[in-house]
Amino acid sequence: MEREKLETLWHSSSHVMADAVRQIFPNAKLGIGPAAREGFYYDFDVEKPFAAEDLEKIEKAMKEIVKKNYKFDRKEISKGEAEKQFAKEPYKLELIEGLEGQTISTYSHGAFTDLCRGPHVQSTGEIKAVKLLRTAGAYWRGSEKNKMLQRIYGISFPSEQELQEYLKKQKEIGERNHIKIGKDLDLFSIHVEAPGMPFFHDKGMIVLDEIVEFWKEEHRKRGYEIVTTPMILNKSLWLQSGHWDHYKDNMFFTEIEEQEFAVKPMNCPGGILIFSEKRHSYRELPIKMAELGIVHRNERSGVLNGLFRVRKFTQDDAHIYCTEAQLKDEIKKVIELTKVLYSAFGFNEYQVELSTKPEKAMGSDETWEHATKSLKAALNEMGIQFKVNPGEGAFYGPKIDFHIKDALERNWQCGTIQVDFSMPEKFDMYYIGEDDKKHRPVMIHRALLGSLERFFGVLLENYAGALPLWLSPVQAKVIALADRHSEYVEKIAAEMRAKGIRVETDVRNESVSKKVREAQMQKIPYILVAGDLEAGKNAATIRKRSGELEKEVPVQKFIERMLAEIKEKK
RNA sequence: GCCCAUGUAGUUCAGUGGUAGAACGUCACCUUGGUAAGGUGGAGGUCGGGGGUUCAAUCCCCCCCAUGGGCUCCA
């Protein structure tokens, strides 16, 4: 069923849910109830938050309403009539107030009427399958200054089968949660002693190191310098950069010999100190300075989420200093690099957004226009589809964001390319132009993977833990059939290790099936089993992650194959 | 930060107003195996932390911490 029709069904389902809620909780005040990204929700102002049992009751009442197969009736009414009709609904009155001059319509089914633009399905009977999923608090009109209402999320389909398929898929998705994978594969852990600051174990570090090594190579190839700046810097720097005024609430502070210092939440001020340490000629531009910068941000406790949202993370940051004339081409180069990185990690689909000048902004209109045009032109010339978010840019410049989908279909901002007019001015940065005069460079901030931590999380969910060979923390496991094969197994593992392959052995006193099963659950790409058949021939039986078997493969030949596969993938 | 839920063995989870149980893992022994769990036995828990109610709290109440799902905010 196409998206549009489903959305209509979901929207209608939210009306049915509101009807059901009102039957059970007559005093519930109605907020809004649209179709969501997947399913629908409705916000209610109730005295007590809904409990799990309430959801069951509401769902049951909904099914009754569906059974009655009420027709949806649309009616257009005047603002006065609407105010009269919804006199007991404060939130609806607020909405009506905002509809000045527009057509006001209501939809009714049975005895229930809601203020609504529509459209809706013909009748409630079209909702053949419905399930209420969870409750959540949600601020009225999305502002934390407003009252928090109680939201119920649900899903519905035109058939029971589709609902069952949906639920099954959700369950599978839940199983590829990166936190669970991280624990199962011994990649990282999170402890109460450091909320939002994950601990990476050896196997997790192997993956991160591989990512970093590849990242550095691709950057060096493209003329980036790679630097590291200190994690703690004097307050004066943050005053100058403006972070003290605008970002203080998100920063951590410390003190050294009675002087105030801040733990960096961003890398740019440090990088600028390197830039400004010496004079630069226009001939040197663009200067591209990259840093895998560890930043700390004091995120509010409620937003922390596995590796997706943390307080300490590593940005694959870089700052590009160039002339306005170079801006477009530099942005194109950054986008090209983004594509190279994403595709190397298996992401070929992502959403691109362009955010333009906000109301409060610094820099002249002309500068903004030139920068925004450059960003747009770069995207267009690269043939990249994008969505424009008017007024969503940073106060210091417009930006392009890259969003990657996680297993739960949530979009996570990873890459970001931001033009900045503010920092060069605040730090009085300049280069010497052809005319022997000082000129202000344009600064581009960019992080392509975004945060290594978040990217790692998205990567794990994308592959359900079964990372490509070159990223796998353990690339091969060699299993001994019986005790007498231990020595042989250790010997071939040593040969592989000598060639740089990450290999583990399993010579435990357990059945082959069990050892294979465990290696398989660890998502190890290649499992080698050696027994009497193989030991005499310097061979092993190979099992791929897919379960496919290849008997008595000479070890040397297999090592070459693996090395070729690792190399090719990069 | 706000709303809701959760926190019990290394892991996944049962459970009860009279201080705990399973499976897997771990350890020992038996078994020496041919591609997703071989068998037997043992060890292992101040039931997230702190208060309170009670003769008695892991269970009921309050506070705190953390985690998850959302809202708001963000890479």
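Convention: sequence-line order gives letters A, B, ...; per-chain numbering from 1. As the structure is a computational prediction, the values presented were derived from the model and not from experiment.
Nucleotide B:U11 holds its P atom 12 Å from the NE2 atom of A:H201, rounded to whole Å. In this structure, CE of A:M148 is placed 12 Å from P of B:C73, rounded to the nearest angstrom. To the nearest angstrom, C1' of B:G69 lies 18 Å from NZ of A:K180. Between the CG atom of A:L528 and the P atom of B:U35 there is a distance of 16 Å, rounded to whole Å. Note: NZ (A:K544) to P (B:A36) measures 17 Å, nearest angstrom. Rounded to an integer number of Å, the gap from CG of A:N411 to C1' of B:C74 is 14 Å. A:E510 places its CD atom 14 Å from the C1' atom of B:A36, with the value rounded to the nearest Å. Rounded to an integer number of Å, the gap from CG of A:D401 to P of B:A75 is 7 Å.
For A:I190, taking side-chain heavy atoms from C-beta onward, the closest of the listed nucleotides B:U35, B:U67, B:A75 is B:U67. Picking from B:U35, B:U12, B:C71 the nucleotide with the shortest atom distance to the side chain of A:K183 gives B:U12. Side-chain atoms of A:M521 lie closest to B:A36 of the nucleotides B:A75, B:A36, B:G33. When each of B:A75, B:G38, B:G34 is scored by its nearest atom to the side-chain atoms of A:E299, the top-ranked nucleotide is B:A75. Relative to the side chain of A:V529, the nucleotides B:C71, B:G33, B:U35 differ in distance, and B:U35 lies closest. Here the nucleotide nearest the side chain of A:R454, chosen from B:C71, B:A75, B:U35, is B:A75. Relative to the side chain of A:V303, the nucleotides B:G1, B:A75, B:C4 differ in distance, and B:G1 lies closest. Taking only side-chain atoms of A:R484, from C-beta outward, the nucleotide of B:C71, B:U32, B:G38 with the closest atom is B:U32. Taking only side-chain atoms of A:T135, from C-beta outward, the nucleotide of B:C4, B:G34, B:U32 with the closest atom is B:C4. Checked against B:G1, B:C71, B:U35, the side chain of A:A138 finds its nearest nucleotide in B:C71.
Rounded to whole Å, the separation between the P atoms of B:A37 and B:U19 comes to 40 Å. Nucleotides B:U46 and B:C3 place their P atoms 33 Å apart, quoted to the nearest Å. B:G38 sits 39 Å from B:G18 when the P atoms are compared, rounded to a whole Å. With P as the reference atom, B:A9 and B:A23 are 16 Å apart, rounded to whole Å. For the C1' atoms, the distance from B:G1 to B:U12 is 32 Å, rounded to whole Å.
Taking 3.5 Å as the limit, the base of B:A75 and the side chain of A:R446 contain no donor-acceptor pair of atoms between them. On a pure distance criterion of 3.5 Å, no polar donor-acceptor pair joins the side chain of A:Y41 and the base of B:G70. With hydrogens and angles left out, the side chain of A:N305 and the base of B:G68 share no donor-acceptor pair within 3.5 Å.
At B:C74, none of the side-chain N or O atoms of A:Q413 fall inside 4.0 Å of OP1 or OP2 (strictly under the cut-off). Put simply, A:K312 has no side-chain N or O that comes within less than 4.0 Å of OP1 or OP2 on B:A75. Taking side-chain N and O atoms only, A:R517 has no distance below 4.0 Å to OP1 or OP2 of B:G38. For the OP1/OP2 pair of B:U35 and a distance below 4.0 Å, the side-chain nitrogens and oxygens of A:S513 include no atom meeting the criterion.
Base engagement by A:G302 is indicated by at least one non-hydrogen atom pair under 4.0 Å involving a base atom. A:I179 comes within 4.0 angstrom of sugar-phosphate atoms only, judged by non-hydrogen atoms across all strands, and of no base.
With a 6.0 Å cutoff to the six-membered ring centre and a 45° limit on the axis angle, A:R151 counts as a cation-pi contact of A:Y41.
Side chain of A:D316 to main chain of A:L448: a donor-acceptor pair is present (N/O by atom type, distance under 3.5 Å, no hydrogens or angles).
We find that A:R508 and A:E518 are joined by a salt bridge, their nearest charged nitrogen and carboxylate oxygen being less than 4.0 Å apart.
Side-chain contact check for A:I400 versus A:R446: every heavy-atom pair is 4.5 Å or farther apart.
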Problem set entry | salt bridge (Lys or Arg N to Asp or Glu O under 4.0 Å) between A:E550 and A:R543, intermediate numbers included | CA-CA 6 Å; A:E550 208 180 330; A:R543 182 189 164 110; over 6 Å; no
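In this structure, A:F40 has its ring center no closer than 6.0 Å to that of A:Y42. Separation of the A:F402 and A:Y350 ring centroids falls under the 6.0 Å cut-off.
Remark: ring of A:Y153 does not overlap the six-membered base ring of B:G70 in a stacked fashion, as centroids less than 5.5 Å apart with planes less than 30° apart are not both met.
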